[in-house]
> 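My questions all concern the structure below.
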2 protein chains.
Amino acid sequence: MATGRTHRPATRSRGIPEATVARLPLYLRALTALSERSVPTVSSEELAAAAGVNSAKLRKDFSYLGSYGTRGVGYDVEYLVYQISRELGLTQDWPVVIVGIGNLGAALANYGGFASRGFRVAALIDADPAMAGKPVAGIAVQHTDELEHIIEDNGVSIGVIATPAGAAQQVCERLVAAGVTSILNFAPTVLSVPDGVDVRKVDLSIELQILAFHEQRKAGEETGHESAAPAPVADAGAVEAGRKGPDGDVPAVMPA
Amino acid sequence: MATGRTHRPATRSRGIPEATVARLPLYLRALTALSERSVPTVSSEELAAAAGVNSAKLRKDFSYLGSYGTRGVGYDVEYLVYQISRELGLTQDWPVVIVGIGNLGAALANYGGFASRGFRVAALIDADPAMAGKPVAGIAVQHTDELEHIIEDNGVSIGVIATPAGAAQQVCERLVAAGVTSILNFAPTVLSVPDGVDVRKVDLSIELQILAFHEQRKAGEETGHESAAPAPVADAGAVEAGRKGPDGDVPAVMPA
DNA sequence: AGTTGTGAAGTGTTTCACAGCA
DNA sequence: TGCTGTGAAACACTTCACAACT
């Protein structure tokens with residue numbers, strides 16, 4: 001997944017597998033595109049192709065949410081958009097703070113995909129006093145001194161860390177102390193957090209290294225390997241997937 | 001999943017599990033830090049803590065690479081750094097192009113973690129003629145027209161796409177046609193590529209959505225059940241036979 | 001006829017627990 | 001004694017294949 005990490009073992013509530021959760025946003029994106037084109041219904045096969053997964057997996061995933069399809073017909077696009085949004089908690093408003101307004105922080109602040117999915121950038125925070133007051137993506141940057149106030153005043157529970165690695169753990173501790181319980185970490189360092197706090201990480205250099213591993217192997221196989229027969233038509237957009245996440249899931253980028 | 005996976009179906013050659021490959025960069029980072037502090041050896045327990053995994057997993061991972069440790073002592077830091085680097089293909093030089101030099105592309109270009117791990121930014125490419133010639137991270141941005149030349153002249157096999165979603169597939173096709181076989185995609189869209197091309201994706205909004213999912217669960221659990229302010233949570237109870245879904249709240253639209 | 005929903009089988013990953021070696 | 005390396009067990013995830021339903 002993106003990597004992604006930090007298991008929350010306890011918490012049985014409703015047993016949606018982590019791997020499924022990591023794919024729901026993918027389905028949601030594909031469904032949103034269909035919705036914008038006013039497509040009323042979609043089959044598992046079509047939707048799976050649009051999301052880059054196979055249809056059996058998609059149907060299994062949806063089966064954890066409930067029986068939202070109609071046999072012989074498919075899924076109602078609007079209804080599914082609603083159900084998945086609700087399942088992901090996107091029907092509510094999530095104020096988010098971004099700490100570390102370098103290039104990456106600015107890129108995140110400007111990223112349109114947030115607002116459209118229930119996330120609202122409540123504040124941009126940077127340690128550089130020279131940044132204070134400067135507008136980025138239409139929001140004035142605030143100094144780190146304000147961090148605790150901002151979190152508390154806005155009821156922020158999700159924080160994004162886009163600082164250099166050296167500052168990340170300290171920022172993390174302040175966020176957590178102020179009440180943040182979910183953190184998306186772009187700094188290339190392992191954060192340690194108390195129980196009950198979720199961390200997901202994105203590290204560009206890790207993703208590139210994984211690509212390099214496979215790239216290297218391709219080069220090695222080119223010679224002295226069987227099969228000239230070039231592939232059995234290759235199904236849909238193979239590739240891609242989420243890792244769940246699991247850190248899997250993987251995920252990727254870095255600090256400014 | 002970060003956040004991302006990428007299937008490589010057949011290809012058994014050397015059977016290092018994908019999950020293990022995804023963790024090697026993590027170990028490498030921790031080991032590099034130890035190396036800089038001149039720590040000579042490290043136990044699986046210590047290294048695992050530094051990398052944020054558990055020690056049994058780490059030992060299992062290393063066992064796929066070979067027997068590089070010493071019982072009763074631990075692992076030689078320098079030796080392991082070398083072995084992992086070699087396994088990941090980081091002992092060679094990987095020229096990389098970044099396409100799409102907005103905030104994110106610029107953040108990537110400025111990322112120091114590249115050079116230190118065998119990656120070299122060979123070129124920055126943007127479709128905006130006004131960007132051409134401008135220096136970003138000390139490299140002059142080139143126009144998209146040059147894409148094919150650049151790839152071929154530099155023997156680039158890894159490309160990073162940081163364009164808007166609408167341009168991504170087209171850029172991808174040009175990269176692949178010019179010889180790129182590994183792509184790191186930051187655009188929020190599913191890329192379709194021919195067999196033999198690896199894609200890993202990083203989607204900032206997906207990671208946040210996964211956090212929101214867990215965050216919502218936390219809110220719902222806080223007080224034995226819902227009752228906590230936010231979180232719809234749609235408790236079970238109601239429903240009826242036939243529909244197994246949660247379905248607790250006002251559906252926007254019902255399925256046909 | 002067409003498509004979902006899902007048990008069951010298959011595959012991959014993590015964890016356990018301890019034998020084997022320094 | 002201490003720590004690695006690894007079978008075996010447990011768990012998670014994916015795929016198959018078909019019954020159930022529209």
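These numbers come from a predicted model, not from an experiment. A, B, ... follow the sequence lines: proteins, then strands. Residue 1 opens every chain.
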> May I have the distance from A:Tyr64 (atom OH) to C:dG7 (atom C1'), rounded to whole angstrom?
11 Å
> Between P on D:dC3 and CG on B:Asn54, what's the gap in Å once rounded to a whole number?
16 Å
> Find the distance A:Glu18:CD to D:dC13:P and express it as a whole number of Å.
8 Å
> Got a sec: does the CD of B:Glu173 have more than 12 other heavy atoms crowding it under 6.0 Å?
yes
> Starting from C1' on C:dT4, measure out to CG on A:Leu47 and report it in whole angstrom.
13 Å
> From C-beta outward on A:Lys60, which listed nucleotide comes closest to its side chain: C:dG2, C:dT13, D:dT15?
D:dT15
> What integer distance in Å separates B:Lys57:NZ from D:dT4:C1'?
18 Å
> Return the nearest nucleotide to the side chain of A:Pro17; candidates are C:dT6, D:dT4, D:dC13.
D:dC13
> Taking only residues two or more places apart in sequence, or in another chain, which ones meet B:Ser35 in a side-chain contact (heavy atoms from CB on, under 4.5 Å)?
B:Val77, B:Glu78
> Which listed nucleotide (C:dG5, D:dC16, C:dT13) is nearest to the side chain of A:Ala56?
D:dC16
> Is A:Arg23 close enough to D:dT14 that one of its side-chain N or O atoms is under 4.0 Å from OP1 or OP2 there?
yes
> Just the rounded figure in Å: distance from P of C:dG5 to CD of A:Glu45.
14 Å
> Check the pair B:Arg217, A:Glu87 against salt bridge (charged side-chain N to carboxylate O under 4.0 Å, His left out), reporting the backbone distance first and the verdict last.
CA-CA 10 Å; B:Arg217 288 293 151 109; A:Glu87 196 63 58; 2.8 Å; yes
> Which nucleotide wins on minimum distance to the side chain of B:Ala19, given the candidates D:dT4, D:dA19, C:dT13?
C:dT13
> Could you give the CG-to-C1' distance, from B:Asp61 to C:dG12, as a whole number of Å?
13 Å
> Under 4.0 Å between a side-chain N/O of B:Tyr75 and OP1 or OP2 of C:dA22, yes or no?
no
> For B:Asp61 and B:Thr20, test the side chains for any donor-to-acceptor distance below 3.5 angstrom and give the result as yes or no.
yes
> When you measure from the side-chain N and O atoms of B:Thr70 to the phosphate of D:dT4, is any distance below 4.0 Å, counting only OP1 and OP2?
no
> Can you confirm whether more than 12 heavy atoms, excluding those of A:Gln169, are under 6.0 Å from its CD atom?
yes
> Just the rounded figure in Å: distance from C1' of D:dT14 to CZ of A:Phe62.
16 Å
> Name the closest nucleotide to the A:Arg59 side chain, picking from C:dT4, D:dT4, C:dA8.
C:dT4
> Using only heavy-atom distances, decide whether a donor-acceptor pair under 3.5 angstrom links the side-chain of A:Arg71 to the base of D:dT22.
no
